[in-house]
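This report concerns only the one structure given below.
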Amino acid sequence: MTADARRAKENAARYAAALVESGMVVGLGSGSTAELAVRALGERVRAGLDIVTVPTSRRTERLARLVGLVVREPEAVDRIDLTIDGADEVHEPSLALLKGRGGALVREKLVASVARRVVIMVDESKLVPRLGARFPVPVEVLPFGWTWCARWLEELGGHPVLRCRGNGRPFRSDNGNFILDVRFDSIDEPHALARALKALPGVVDHGIFLDLADLVVVGTTSDVKLLRPVPR
């Protein structure tokens, strides 16, 4: 990561962290920008901010505890006031998202779906003319029968690749599942594709996040710009 990219991410993360108010239950996303926001929240908590957090991955949970945040399991809270998270791609003007390169997409989508407000933090490189322009679509599948899921994804026009670790073994999500990274030649109708992916047996969820972002904070080297969804 270049110094300029890190500065842009930090600006976005600090802006989002500043939206958190005492008394809130806050969903914490996963990934490099989300971790910068967690560290910024840790600074605010040490200065007196009183919040409860629900992390979306074990890695985020470890960091949250390290910086002094109060962590709760989802079943221990009755609401999530605000979720702050990153994204791999953001489509303008719909604010459709592609997420999941870090492997936490199922928990991220669940927390975002419950939250009263979802704020996404990115730098300008994450803005794309269409979803799938830069990255494949992550699809979390059960290990049992994953090759069948891969075949069905091919029938949908995708090119699935099993995500593996450096040692060659399959990557497993915090839920114990596999992830297929699926390249599509073109995603012209993301809502239709999202429904088709979710309907496949063995698919837990996928990285297409639609109609969830209330605000996208785009960090630059000197400031931020704010994007809000255009009413359909």
Side-chain angles (χ1 to χ4, degrees), residues 9 13 16 25-39 41-42 51-89 97-115 118-122 126 135-150 153 160-182 194 197-198 200-210 212-213:
K9 288 185 175 184
V25 179
V26 182
L28 302 177
S30 300
S32 59
T33 309
E35 289 178 2
L36 291 171
V38 170
R39 293 186 182 279
L41 286 176
I51 59 173
V52 169
T53 67
V54 178
T56 56
S57 66
R58 293 172 185 165
R59 176 167 172 158
T60 299
E61 178 182 351
R62 287 194 295 270
L63 178 60
R65 293 186 187 278
L66 181 65
V67 301
L69 303 185
V70 175
V71 172
R72 294 286 183 267
E73 295 294 327
E75 58 270 21
V77 302
D78 61 0
R79 70 185 194 282
I80 294 180
D81 299 297
L82 174 68
T83 285
I84 52 178
D85 202 351
D88 302 314
E89 294 182 357
L97 313 173
L98 188 64
K99 292 175 51 57
R101 291 182 69 208
L105 60 102
V106 170
R107 298 187 184 193
E108 289 172 337
K109 187 177 287 185
L110 182 57
V111 169
S113 298
V114 171
V118 176
V119 175
I120 299 297
M121 309 161 289
V122 296
K126 303 298 177 63
F135 298 110
V137 178
V139 179
E140 185 162 332
V141 300
L142 298 178
F144 180 86
W146 73 267
T147 55
W148 301 339
C149 292
L153 288 165
V161 175
L162 178 65
R163 185 180 300 186
C164 292
R165 297 189 181 275
N167 59 11
R169 294 180 178 176
F171 173 92
R172 285 184 181 263
S173 71
D174 285 351
N175 308 311
N177 297 317
F178 290 172
I179 291 181
L180 296 171
D181 291 308
V182 188
L197 293 175
K198 192 66 180 285
L200 293 177
V203 168
V204 181
D205 217 326
H206 53 78
I208 300 175
F209 285 49
L210 303 173
L212 286 173

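Values in this document were obtained by computation on a predicted structure and should not be read as measured data.
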When you compare the side chain of [Y] with that of [X], does any pair of heavy atoms fall below 4.5 Å?
{"X": "Leu142", "Y": "Val204", "value": "yes"}
{"X": "Pro160", "Y": "Val182", "value": "yes"}
{"X": "Arg172", "Y": "Phe178", "value": "yes"}
{"X": "Pro74", "Y": "Val111", "value": "no"}
{"X": "Ile120", "Y": "Leu97", "value": "yes"}
{"X": "Val137", "Y": "Leu98", "value": "yes"}

- Message: Before you tell me yes or no, could you show the steps for Val25 and Val54 under side-chain contact (heavy atoms from CB on, under 4.5 Å), namely the whole-Å CA-CA distance, both residues' side-chain angles and the distance that decides it to 0.1 Å?
- Response: CA-CA 7 Å; Val25 179; Val54 178; 4.2 Å; yes
Which atom of [X] lies closest to which atom of [Y], heavy atoms considered:
{"X": "Val203", "Y": "Cys149", "value": "N-SG, 4.3 Å"}
{"X": "Gly207", "Y": "Leu105", "value": "N-CD1, 4.2 Å"}
{"X": "Pro138", "Y": "Pro136", "value": "CD-O, 3.3 Å"}
{"X": "Phe209", "Y": "Glu108", "value": "CE2-C, 3.9 Å"}
{"X": "Ala37", "Y": "Ala13", "value": "N-CB, 3.5 Å"}
{"X": "Lys9", "Y": "Thr33", "value": "CD-OG1, 3.4 Å"}

For the backbone of [Y] and the side chain of [X], can you confirm whether one donor and one acceptor N or O come within less than 3.5 Å of each other?
{"X": "Thr83", "Y": "Val118", "answer": "no"}
{"X": "Asp174", "Y": "Arg58", "answer": "yes"}
{"X": "Asn167", "Y": "Arg169", "answer": "yes"}

Value rounded to 0.5 Å, distance of [atom1] in [X] from [atom2] in [Y]:
{"X": "Thr56", "Y": "Asp85", "atom1": "OG1", "atom2": "CG", "answer": "5.5 Å"}
{"X": "Thr147", "Y": "Leu162", "atom1": "OG1", "atom2": "CG", "answer": "10.0 Å"}
{"X": "Lys126", "Y": "Phe135", "atom1": "NZ", "atom2": "CZ", "answer": "6.5 Å"}
{"X": "Leu28", "Y": "Leu82", "atom1": "CG", "atom2": "CG", "answer": "9.5 Å"}
{"X": "Lys198", "Y": "Asp205", "atom1": "NZ", "atom2": "CG", "answer": "4.0 Å"}
{"X": "Lys109", "Y": "Lys99", "atom1": "NZ", "atom2": "NZ", "answer": "10.5 Å"}

Of [options], which meets side chain to side chain contact (heavy atoms under 4.5 Å, CB included) against [X]?
{"X": "Arg163", "options": "Val139, Ile179, Leu180", "result": "Ile179"}
{"X": "Val52", "options": "Leu69, Val70, Val26", "result": "Val70"}
{"X": "Pro55", "options": "Glu61, Arg107, Arg62, Arg65", "result": "Glu61"}

- Query: Got a sec: does the CZ of Arg79 have more than 12 other heavy atoms crowding it under 6.0 Å?
  - Reply: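 Count over threshold, so yes.
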